[in-house]
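What follows is a short report on a single structure.
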Amino acid sequence: VKLDMGTVEGDVILIQDEYTITEWCEITNWKGNSAARKHGITANFTNSNQSIIRNNIIHDPTAGYYRASGIATGDGSQNGIIKVYNNIVYNFLNMTIYAEGISIVGSGNQYSEAYNNISYRGSGGYIQGIGQSGKVYLKNNISLSMGPDFSVGNGIYSNNISSDTTAPGT
């Protein structure tokens, strides 16, 4: 499924149910706003425990707008796990303030896994390839030319690659 949003503002796919699998989507041409990041695909722990985001291509958010992310997990109050793997996220060009290819969050008894993802080619304000906080497992991810490629805190890491020196677990 190709979702060309024609510069529509907002989250393209917002996962609201547990055990949801989002796969085989191509998402392009959406925009964020100054109040909150807007994502290509987003899942939070309150509603989407045990969800999987896999095998998607997410690219080219509308340039010049604030705060866009390709894939985002986290937030919410429920315990659980969200898995993100085999996705390609690219061309976050000329963003005004903030953009992340993939944003992975886990806290408390929340846990996210991200493996075998590629995030590349970004420019503009604060651009980050793969960002992470909380309980997260990052394995076999590649982030190139995002500046910084990875921005990570505590987590479990192995075999990640970056075009700068930020890849954890190398």
Side-chain angles (χ1 to χ4, degrees), residues 1-33 35-76 78 80-96 98-106 110-124 127-133 136-146 149-151 160-161:
V1 174
K2 182 174 183 176
L3 301 170
D4 185 332
M5 301 310 292
T7 69
V8 170
E9 184 178 292
D11 295 319
V12 179
I13 296 175
L14 175 60
I15 300 171
Q16 295 280 3
D17 293 307
E18 294 182 323
Y19 302 97
T20 299
I21 297 174
T22 305
E23 64 182 345
W24 302 113
C25 295
E26 179 181 355
I27 299 171
T28 187
N29 207 21
W30 79 99
K31 69 179 182 178
N33 65 30
R37 281 184 291 179
K38 300 300 178 181
H39 314 290
I41 301 173
T42 187
N44 66 49
F45 290 99
T46 301
N47 300 315
S48 50
N49 177 34
Q50 299 294 329
S51 290
I52 297 172
I53 301 168
R54 66 181 179 204
N55 305 323
N56 299 287
I57 298 173
I58 302 168
H59 61 94
D60 296 293
T62 302
Y65 288 94
Y66 300 104
R67 306 175 73 90
S69 295
I71 297 172
T73 72
D75 302 327
Q78 226 174 16
I81 186 168
I82 297 174
K83 296 180 180 182
V84 178
Y85 60 92
N86 298 338
N87 298 285
I88 300 171
V89 180
Y90 66 95
N91 280 357
F92 280 72
L93 301 174
N94 301 311
M95 302 304 291
T96 305
Y98 186 93
E100 285 181 308
I102 301 172
S103 175
I104 306 295
V105 177
Q110 303 167 348
Y111 183 76
S112 291
E113 294 180 1
Y115 51 96
N116 304 333
N117 297 290
I118 298 172
S119 180
Y120 70 94
R121 196 162 176 233
S123 68
I127 306 291
Q128 162 176 317
I130 299 174
Q132 168 272 317
S133 65
V136 175
Y137 180 52
L138 299 178
K139 181 179 179 181
N140 298 337
N141 296 288
I142 299 171
S143 184
L144 305 170
S145 301
M146 291 296 288
D149 290 334
F150 287 83
S151 176
N160 297 292
I161 298 172

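The two residues Asn141 and Asn116 make their nearest non-hydrogen contact at OD1-N, 3.6 Å. The heavy-atom pair separating Glu113 from Ile81 by the smallest distance is OE2-CD1, 3.7 Å. Nearest heavy-atom pair, Asn117 versus Val84, reported as atom, atom and distance to 0.1 Å: ND2-O, 3.1 Å. Annotation for His59 and Ile57: closest pair CD2-CG2, 3.8 Å, computed over non-hydrogen atoms. The heavy-atom pair separating Ile27 from Gly40 by the smallest distance is CD1-O, 3.6 Å. Closest approach of Ile53 to Ala43, counting heavy atoms only: CD1-CB, 4.3 Å.
To the nearest 0.5 Å, atoms CD1 (Ile102) and CD1 (Ile58) are separated by 7.5 Å. To the nearest 0.5 Å, atom NZ of residue Lys83 and atom OG1 of residue Thr73 are 13.5 Å apart. Taking OG from Ser51 and CD from Glu18, the interatomic distance works out to 7.5 Å, rounded to the nearest 0.5 Å. Residue Ser119 holds its OG atom at 12.0 Å from OH of Tyr90, rounded to the nearest 0.5 Å. A distance of 10.5 Å separates CD in Glu23 from CD1 in Ile41, rounded to the nearest 0.5 Å.
Under the rule for a side chain to side chain donor-acceptor pair (under 3.5 Å), the partners of Asn56 that lie at least two apart in sequence or sit in another chain are Asn87. Legend: residues meeting ring-ring contact (aromatic ring centres under 6.0 Å, His included) with Tyr115, ordered by chain and number and at least two apart, are Tyr85. Taking Leu144 as the reference, Tyr120, Ile142, Ser163 meet the side-chain contact (heavy atoms from CB on, under 4.5 Å) condition, with sequence neighbours excluded.
Listed for the Asn29 side chain is no donor-acceptor partner under 3.5 Å among the backbone atoms of Met5. At least one donor-acceptor pair under 3.5 Å links the side chain of Ser143 to the backbone N or O of Asp149.
Of the candidates Thr42, Thr20, Thr22, Val1, Thr22 is the only one forming a side-chain contact (heavy atoms from CB on, under 4.5 Å) with Ile13.
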Inset, instruction - Check the pair Ser103 / Ser69 against side chain to side chain donor-acceptor pair (under 3.5 Å), numbers first and verdict last. - result: CA-CA 7 Å; Ser103 175; Ser69 295; 5.4 Å; no
